[in-house]
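Numbered from 1 within each chain, the chains take letters A, B, ... in sequence-line order.
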Protein chains: 2
Amino acid sequence: MAVTLRDVAALAGVSPRSVSNVVNDFRYVSPAMQAKVRAALDELDYKPNLLARGLRQGRTGTIALLLPEITVAYFSELAHEIVERASQLGITVMIDETSGAPNRELALLEVAMRSSWVDGVLLSTLGLNGAALAGVKSDVPVVLLGERTAKSALDHVGIDNVRASRDAVQHLIDSGRHRIAAIGGSHAPSDMTSRLRLKGYRAALRAAGLPTEDYLYARTPKYRRGDAAVAVRALLAHPEPPDALFCFSDELAIGSLRELYEQGLRVPSDISVVGFDDIEESRFTTPSLTSISPDKHQIASTALETLMARIAGSDLRPRALQVGYQLLARESSTRQ
Amino acid sequence: MAVTLRDVAALAGVSPRSVSNVVNDFRYVSPAMQAKVRAALDELDYKPNLLARGLRQGRTGTIALLLPEITVAYFSELAHEIVERASQLGITVMIDETSGAPNRELALLEVAMRSSWVDGVLLSTLGLNGAALAGVKSDVPVVLLGERTAKSALDHVGIDNVRASRDAVQHLIDSGRHRIAAIGGSHAPSDMTSRLRLKGYRAALRAAGLPTEDYLYARTPKYRRGDAAVAVRALLAHPEPPDALFCFSDELAIGSLRELYEQGLRVPSDISVVGFDDIEESRFTTPSLTSISPDKHQIASTALETLMARIAGSDLRPRALQVGYQLLARESSTRQ
DNA sequence: CTGTTAGCGCCTTCAC
DNA sequence: GTGAAGGCGCTAACAG
């Protein structure tokens, strides 16, 4: 059996209260008491039962991070940043995978929120639309990462997807491309990511007086490498094939690079490729991949700060917080 | 405030005990009671407080998965398999990042093990050697993933690294390569992975009567993409440069592909490359990457089964469980 | 500054 | 089958 506060108190010949004081660095403890208790603590190798503490305090010092898929590099990189930052703040992060399935997402969210395991939730949602989210009564604070899915009454941290996409496409235009295609996502109402990126893409084309014909946008079921091939083939099959691809994720861009290679096209001489997310992998592809790089570090800190403020009881009205991004021009769009 | 068992009992006009019975699907409950309680449950939207339940029962239904780095694709893919399998078993997985730093690894391990948060721990360790592990008194069961770090008294699930490495190198030999270099890891006593893979590599070379000279092994600080470039340059600088690279991880292999490209060498015509881990990315590189593919699915199930058995009280002596692997020959070692 | 008391929400003996 | 009490380990009141 585990050693309890009471055991320590008994050994030291003091009350549990005093032991608790020492364990929690309470201010007014006499040196003599300190010494006695510490000796007993060490001798018994006492570790507090965090469950009991959490039950008593109503707070656990743990937050949940709900991600669609941990194997998606963007999410694992984001998770890394969040775990890092949280550990500096003395917070434990419980990472959980939702599979992007709305029902599982909801289920996990409900559990996380109602079971008192966690003080708060960081939710990166793809599939879950605003309506479903609105139906969730939140006993614990929730901060959304990524796109704001509809007008949910939640804090939300992300980048300006429209502007970032416009920048990416403008970069392609500046380098002399004219038939620029977009790849990724469903453009469904619930897929806010693709809607916003498509909007930025079209805005850039329109501003430059370039065609925005429908055939230049190829949807994909998800945003993974394996989803790109079909889309690329469809685009290349057109009588006037594109001379540049703007992919809504780096993984899609990498899948596209592979398919272009199989089709015998050279990047960037025949066709340019730009991605989105700046995952580490993109620096090592051949050619290396131009990408929009959201400031993941800042997303992590901002999200955590916001969540901690809510947990502490902040009652401001929900805010949409935007963090920075960069366009990183690499070989896939620059070296001729 | 959250709604408690007592609230439900009051509304239904029964005792907390009866509510508990219904919530936990206890056998002997009258249909009338069932109905009354369920109605109250629904009306109040009751969710049990898992903290209190865990405290009471001494079990939480949660296990910890401790990984060096979540951004390493191999680990995130493994994590995915484990979360998947665990969710089928009704177990929640708490993923935590140790940064591979032995002290942080130990710290997290201690916390996980002593604080009653989790019923068990799956530990994938790189840095932590057997001696340090032996010093940890485990209040909860621990199962090791990957290499067995020394003769620790813990269960352990992994593949036969020596044999897998020998197979990989044999494959290179079979395809006509003669100067085969190895890349990765420190070969330090604590880095069991590189020791075992190096052993298999050398065994294959010796068996074929090929040179195993020291200059053909290039160490790397870690196993990431960015660690490969220096190693590759060193190998190529030698008067008799290798005609094949056996990399101890896919990430290293991918970093190597990039560096070989920069050096103007073509894969596989000038030089073959083989990796280890079979991460998804490796199917999309150009050329696609030949790799050893450990059965991650089976690692996940075996590890979970073993851990659950321990949690249930199994008292068998610690076992080393080996699961299967495959050599997947792709373009980087086959297409001329 | 320290000891006593009570209770966080739940489950599980023990009676009925 | 169901009700009443007790306690898992801890900390927050309230004395003293």
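Looking at which nucleotide of DNA chain C each of N21(B) and L51(B) is closest to, the 5′-most match is held by L51(B). Between L55(A) and M33(B), the one whose closest nucleotide on DNA chain D sits nearer the 5' end is M33(B). Taking the nucleotide of DNA chain D with the nearest heavy atom to each of N24(A) and G13(B), the more 5' of the two is matched to G13(B).
W117(B) places its CH2 atom 13 Å from the C1' atom of dC10(D), with the value rounded to the nearest Å. For the pair L5(B) CG and dG7(C) P, the interatomic distance rounds to 18 Å; values are reported in whole Å. If you measure from atom CG of N49(B) to atom P of dC8(C), you get 12 Å, rounded to the nearest angstrom. Distance CZ (R59(A)) to P (dT11(D)): 13 Å, rounded to an integer number of Å.
The bend of the helix from dC1(C)-dG16(D) to dC16(C)-dG1(D), defined by the angle between the axes of its first five and last five pairs, stands at 40° to the nearest 10°.
Interatomic distance, T302(A) OG1 to R85(A) CZ, rounded to the nearest 0.5 Å: 9.5 Å. Note that CD1 of I95(A) is 9.5 Å distant from CE of M94(B), once rounded to the nearest 0.5 Å.
Of the candidates dG1(D), dC11(C), dC10(D), dG1(D) carries the atom nearest the S30(B) side chain, counting heavy atoms from C-beta on. Among the nucleotides dT2(D), dC11(C), dT11(D), the one closest to the side chain of S20(B) is dC11(C). Each of dC11(C), dC10(D), dT2(C) was ranked by its minimum atom distance to the side chain of R53(B); first place goes to dC11(C).
A close approach under 4.0 Å does not occur between any side-chain nitrogen or oxygen of Q57(B) and OP1 or OP2 of dC10(C). A close approach under 4.0 Å does occur between a side-chain nitrogen or oxygen of S18(B) and OP1 or OP2 of dG3(D). Put simply, T4(A) has no side-chain N or O that comes within less than 4.0 Å of OP1 or OP2 on dG9(D).
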Given V19(A) and V14(A), is the side chain to side chain contact (heavy atoms under 4.5 Å, CB included) satisfied, shown in steps? CA-CA 8 Å; V19(A) 180; V14(A) 301; 3.9 Å; yes

Test log, rule side chain to side chain contact (heavy atoms under 4.5 Å, CB included), inputs L50(B) and T62(B): CA-CA 10 Å; L50(B) 266 35; T62(B) 299; over 6 Å; no

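The side-chain contact (heavy atoms from CB on, under 4.5 Å) test applied to K222(B) returns E69(B), R224(B), D227(B), not counting sequence neighbours. When the side-chain contact (heavy atoms from CB on, under 4.5 Å) test is applied to A64(A), the partners found at least two apart in sequence or on another chain are L66(A), A112(A), V118(A), V121(A).
Applying the salt bridge (charged side-chain N to carboxylate O under 4.0 Å, His left out) rule to pairs touching residues 301-314 of chain A yields D155(A)-R310(A), sequence neighbours excluded. Counting only residues at least two apart or on different chains, no salt bridge (charged side-chain N to carboxylate O under 4.0 Å, His left out) pair has a member in residues 9-19 of chain B.
With respect to K296(B) and E77(B), a salt bridge is recorded, a charged nitrogen being found less than 4.0 Å from a carboxylate O.
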Kindly give the atom pairs (protein nitrogen or oxygen, nucleotide nitrogen or oxygen) under 3.5 Å for nucleotides 5-7 of chain D.
{"unit_1": "dG6(D)", "atom_1": "N2", "unit_2": "R56(B)", "atom_2": "NH1", "d": "2.5"}
{"unit_1": "dG7(D)", "atom_1": "N2", "unit_2": "R56(B)", "atom_2": "NH1", "d": "3.2"}

